[in-house]
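Here the structure is a predicted model, which means the values were calculated and not measured. Counting starts at 1 for both ligands and their atoms, in listed order.
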Amino acid sequence: MSSPAERRGSWVADHLAEMVSPAVRALAETPRFPLFPPDAVPFGGGLPDPDTLPHAGLAEASVRVLRDEYRMALQYGGIPGYSKLRDWVVKWTQRDEELPLTADNVALQSGSAHGLHNVCEAFLGPGDVALVEAPTYPGALRTIRSRMAEIVSIPTDGGGIVTPALEEAITEREAGGRRPKLLYTIPQFHNPAGTTMLRKRREELLEICRRHHVLIVEDDAYGDLRFGGDPVPSLLTLSRGDGVLRLGTFSKIIAAGLRAGWTIGPRDLIDTLNRTRFDNGGSPFVQRIIAAYIDSGALEPHVEVMCRVYGEKCAAMLAALDRHCAPYASWTRPDGGFFIWLTLREGIDVRDVARFAAQEKVAFFPGPMFFANGDGSCHLRLAFSFVALDLIEEGVRRLARALARAAGEP
Ligand SMILES: Cc1ncc(COP(=O)(O)O)c(C=O)c1O
């Protein structure tokens, strides 16, 4: 293979832009990640805490699987995935929610990102309308765009999606002859907003979507990482399993490198997802390692540790923000998850903040990444999940300096 430099001038390099699919061309609209220096304090990516990764427990589980189950673990495993792990997903979902579910209501995928991809490839095509929250997870925007679907953004506030605006957007599209097909929502410990949708809003949302036949995709990537507040029933539970697909993941409760997650919901929808996959299924090896790790009894105590760690980091970041950033912004106070969402004081633009933050060496994700239409210049997202606890104060001090400079202070 030639190097990129040698390929320059080759017919492939010269014609790549025309060769790629329209979906890849559509992705060019996705905002780019900002460039911060590599030694910046890392408040950017929503990566799990590296010190909590359960490497020893996973090493033991891997050895057990290779010793006792290698014939199945190292063979093709089928599309829906390892039935014992699907049984566990059902039990985990039913811990505090009574729902009539079996392993047939579950499909295992390569992370919830893949789950969402699977849902979108099954239900969205060119020109279809998908509803998302504003702001929302940029990975969802990319996935929906890759289906050449139209994205309609619904405003949110501290209590989640604004339901009258949801109904209005649906009715408006219906009047134009294009009924929205699905709504993608993150009701619990939202990425990026850190908020939790109020129960009343969840009930209203379900009622609106039921009436207008809009499929709800409930992304619950962070739901198990609670360090405050009271639980609110999930959309899947409140719907009694009708019209909702819930995405879950092992990325945040065990390790993102496993690339394993699930979709749980009505059986006919799960069957549709399975029929739409052409990837020969997820890794039976990884799925069995996860099952063996869970079997060892390690998961619950591990999740407790993570909730404590993330709770401490979040509290440290909130306290530092209170100390240093109050003149320049306000922010959310999450009960779980990885993120705090800042709203900048009028007159401060996040692009200026990013420029100065790069000089001050503190990284974050600017608001426009989380909006389909590039809005969000008065917002930024801070992740407290990855950064070391003892770096948070210094990082927020640097952010305060960047905010002051963006506000025109000397
Ligand atoms: C809201 C949300 N959904 C899905 C994902 C994808 O996670 P994974 O594919 O690792 O399960 C992420 C990752 O950060 C996320 O924040």
Indicate yes or no: does [X] engage [Y] in a salt bridge with an N to O separation below 4.0 Å.
{"X": "R240", "Y": "D242", "answer": "no"}
{"X": "R308", "Y": "E304", "answer": "no"}
{"X": "K361", "Y": "D39", "answer": "yes"}
{"X": "D87", "Y": "K84", "answer": "no"}

Nearest-neighbour protein heavy atom for [atom], which is reported as residue plus atom name and distance:
{"atom": "atom 5 (C) of ligand 1", "answer": "Y137 OH, 3.4 Å"}
{"atom": "atom 14 (O) of ligand 1", "answer": "K252 NZ, 2.9 Å"}
{"atom": "atom 16 (O) of ligand 1", "answer": "Y222 OH, 2.6 Å"}
{"atom": "atom 10 (O) of ligand 1", "answer": "S251 OG, 2.6 Å"}
{"atom": "atom 7 (O) of ligand 1", "answer": "S112 OG, 3.3 Å"}

Got a sec: does the CZ of R71 have more than 12 other heavy atoms crowding it under 6.0 Å?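 No, because the 6.0 Å sphere around CZ of R71 holds 12 heavy atoms or fewer from other groups.
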Side-chain H-bond candidate by donor/acceptor type, Q359 with R405, under 3.5 Å: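 A donor-acceptor contact under 3.5 Å links the two side chains.
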Taking 4.0 angstrom as the limit and counting only heavy atoms of G111, give me the atoms of ligand 1 inside it, by number and element.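 Contacts of ligand 1 toward G111, numbered from 1: 9 (O), 11 (O).
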Using a 4.0 Å cutoff against the non-hydrogen atoms of R259, which atoms of ligand 1 qualify?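 Listed by number with element: 8 (P), 9 (O), 10 (O).
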Is the closest side-chain heavy-atom distance between S385 and Y310 below 4.5 Å?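 A side-chain contact exists here, since the closest heavy-atom pair is under 4.5 Å.
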May I ask you to check if ligand 1 and A113 share an N or O to N or O distance below 3.5 Å?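 Yes.
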Run down the list T249, L247, D219 and name the one with the heavy atom closest to atom 2 (C) of ligand 1.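 Among T249, L247, D219, the closest heavy atom to atom 2 (C) of ligand 1 belongs to D219.
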At a 4.0 Å cut-off, with the gap strictly under it, does some heavy atom of F338 reach an atom of ligand 1?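 No.
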Give a yes/no on ligand 1: does H190 have at least one heavy atom closer than 4.0 angstrom to it?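 Per 4.0 Å heavy-atom rule, H190 does not contact ligand 1.
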Please work out whether the ring planes of H379 and F371 are parallel, tilted or perpendicular, with thresholds of 30° and 60°.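 Judged by the thresholds at 30° and 60°, the geometry between H379 and F371 is parallel.
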